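All values reported here derive from a predicted model rather than from experimental measurement.
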Amino acid sequence: MDDLLQEFIAETRETLEALSGEIVAWESDPSDRNRLDAIFRFVHTVKGSCGFLDLPRLARLSHAAEDVLAAVRDGSRSPDTKLVNAVLAIVDRIGEIVEAIDAGAALDDSGEDLLIAALDEGSENLVVAVAPLAVRAQSRSVRLNVDLLDRMMSGMSDMVLARNELARRLRDDGADPAVEAALERLSLTVAEMRDTVTRTRMQKIDALFSALPRMVRDTAAELGKAVTLNIEGSDVELDREMIEMMRDPLVHMVRNSIDHGIESVVERIKAGKRENGRLTVSARQSGNQIIIEICDDGRGINVDRLIEKVAAGGRPMRDLLALSDKAKLQLVFEPGVSTKEEVTSISGRGVGMDVVRANIEQIGGRIEIDNAPGRGLRIAIHVPLTLSIMATIGVGVGDQRFAISRQVIEEIVTVRGDAIRIDMLGDTPAATVRERRMPLIDLGNILALRDGAHDHPAMLVIVGVPGGSYALAVDSVLDHEELVIKPATPAVMATGIYAGQTLPDSGLPMLLLDCAGIAAVSGLEFKRDVSADDLVEDVAADGVSALLFDDLDGVRRLVPLSVIDRVEPVQADAIRFAAGRLRLSVEGRIIPLAAMAGIADGQDVHVLRLRDGATEIGYAISAALDIVTLPDAMVSAREAGPVAGVIAIDGDQIELLDVHWLFATHGDGQRPEIPPVCLIAGSESAWMTTFLKPALEGAGYRVATKLKKGESAAVVLTMDEESVAATHAAPVVRLRHDRSQAANDGSIYRYDRPGLLAALAERAGGFK
């Protein structure tokens, strides 16, 4: 509110100074209509602002003056000298009150009733002169022309580019340390000036959102609807000129959401919704763009009706029906199209949305629409920050170079070693970085810079976007650099992949990537956080993701995605039936393998590697197909087994694997990732290694005759006649040769396998 009040005071001062000559001229010629209109607009603006800022004295004065001036404009009153004097006195009084507000000083309201009474026709009241405020509050703010700010920003941009070029030349040619120190001081000064100049054009977007609560209230009341408005991101800053250019499009789309989207109270109750419609207007910054979203929980867009309206305008119905779902939604921007059946004072005339899109594209922005029929509509407006200087990282794909804002980059990794790997879940690539799995997008494929899939990307840029993160595969990563970012042409910005253009010190133009837009174009959807009020309604809609696959027996099945560590092809010679079960050799280890059908000799299969956190098993399949969301309803299997039940997916009956049964049946006896060490000590360690090591390893221990550096034993195993060195602090299990010998000393007969394993488990702390 303080920012809005200061803006009001500055604008009122500026207008009064500009009108001073007009007021004097109108006094000499009251019939001058142009000067009368200028004074009328001033008092009308003051009256409108006072209602929002809660300034009742100014509102009362300006309202009285507006009524009289309106009567003069429509010819019902003659602007005689007394009326002109009374109006001028009120204008002067408005200026005095504004100065008092800015100075924080009290100003007596005596005489204001006489000023208003003097406006009445035939009034004999004399205008009472009110002493002006002696001291005007010193202001440290200056209102500048936007063109001048543009020139300042352009000069600052050229300075940054020159600094970058100078730094590059010094790096390439070498420089005296004194010159490098001078360049460092210059860089700090340029950075400080850059931030200062950039902030001169920035304003909180609250200036755009502040009028929405009253407008939503009035529009909803006019339509007989109940709407709750939620505003988020009011502190986001946007270019002042951009805020003004966004005002009309935002108002139009908010009114459309109330009129077209949100249903009446009766309709909402019938649909099982809360009585009050929910409308959310939010803003957030993503790289060099501001994203403004208008979301409602109304009826959404009736695409069929929209197609009918467009077809009625002359477009062939066959062509319209052949469009993609996204292209059908874009028909709402066709000129003359409205899904409203009746014309109201708010909408229904088929004008507006085409103009809204044209205005936004004119400033380098774009509009996205997400439609959920019966549940609501989301409109996202992407607009650039106009002219900005930001820290970026350059990336390369082939011989092309692009920039990414450092703000969205979480980390950059090279694809090598076991900590980073690329897998395929069905036909969807995924990257695992230190056990953190995320979607993978190949920048070369998105930009059509290479043919086919890129199996082994060189580097991954981990990008954070609203709702989640993903890995962006690139060929190389270049130096970081501060660049001047400008909007690209509307055709380039409309692709949704780019956030602007720049000219680095190399002199070669470069495009700035919009990482959130790349995710959207690639089909990635990150769910937004919901409020506590939404949890009851939305939790059932979230669902559980599962992998759909063709099994070896020809049946199509599902398995929850959360238990899958990876999906990979396996050669037939890695699978063996050994020790009573199928086993898979992988990465130097052996894990159990489950399969619904036999694997023929030489048959290569795909394996789902399933993990429960500690245990890993494999499940052989024919091919992975897709990732789907499981519905709530399931028909359970009659008996416990590998299949938990049957669910319906797109009209087909699909079996769901019982992962609990799979791990209970095939995962028993698996070692933990770090097995406890059983140290064999004494002179008969050779016998114990030969006879006992297989049984001990089968029970999950790692058997050793010598500890590695820094390693400790969980339990020590030795023969009864041997003594264990004092250096081993671990508990000891002693074996004896004679079965008949009494076990008063706690020793175990060396061929008593159950007794040995039980003693080891007890001494090792309960491991079994």
**Q.** Test side chain to side chain donor-acceptor pair (under 3.5 Å) applied to Arg557 - qualifying residues, sequence neighbours left out
**A.** Asp551, Asp553, Glu655
Q: Check step by step if side-chain contact (heavy atoms from CB on, under 4.5 Å) holds for Val332 and Leu306.
A: CA-CA 7 Å; Val332 76; Leu306 180 61; 4.3 Å; yes
Q) Considering residues at least two apart in sequence or located in another chain, which fulfil the side chain to side chain donor-acceptor pair (under 3.5 Å) criterion with Glu267? A) Ser264, Arg299
Q: Starting at CG of Leu608, measure out to CD1 of Ile621 and round the result to the nearest 0.5 Å.
A: 4.0 Å
(Q) Please determine whether side-chain contact (heavy atoms from CB on, under 4.5 Å) holds for the pair Ile292 and Phe209, giving the CA-CA distance in whole Å, both sets of side-chain angles, and the decisive distance to 0.1 Å. (A) CA-CA 11 Å; Ile292 301 174; Phe209 289 170; 4.3 Å; yes
Q: Under the side-chain contact (heavy atoms from CB on, under 4.5 Å) rule, what do Leu656 and Leu630 come out as? Steps first, then yes or no, please.
A: CA-CA 10 Å; Leu656 177 67; Leu630 296 180; 4.2 Å; yes
Q: Output the distance between atom CG (Asp296) and atom CG (Leu229), rounded to the nearest 0.5 Å.
A: 11.5 Å
Q | Whether Lys328 side chain and Ile307 backbone form a donor-acceptor pair below 3.5 Å | A | no
Q | Glu293/Arg284 salt bridge by N-O under 4.0 Å criterion | A | yes
Q. Are more than 12 heavy atoms from other residues, nucleotides or ligands located less than 6.0 Å from atom CZ of Arg217?
A. no
Q | Contacts of type side-chain contact (heavy atoms from CB on, under 4.5 Å), residue Ala403, not counting sequence neighbours | A | Thr392, Leu483, Met510, Leu512
Q) Per the side chain to side chain contact (heavy atoms under 4.5 Å, CB included) rule, which among Ile412, Val474, Leu440, Leu472 passes with Leu460? A) Leu440
Q) Taking only residues two or more places apart in sequence, or in another chain, which ones meet Glu410 in a side chain to side chain donor-acceptor pair (under 3.5 Å)? A) Arg436, Ser469
Q: Not counting sequence neighbours, which residues clear side chain to side chain donor-acceptor pair (under 3.5 Å) with Asp370? List them please.
A: Arg378
Q. In chain order, what residues pass the side-chain contact (heavy atoms from CB on, under 4.5 Å) check against Asp297, with sequence neighbours excluded?
A. Arg268, Arg274, Arg278
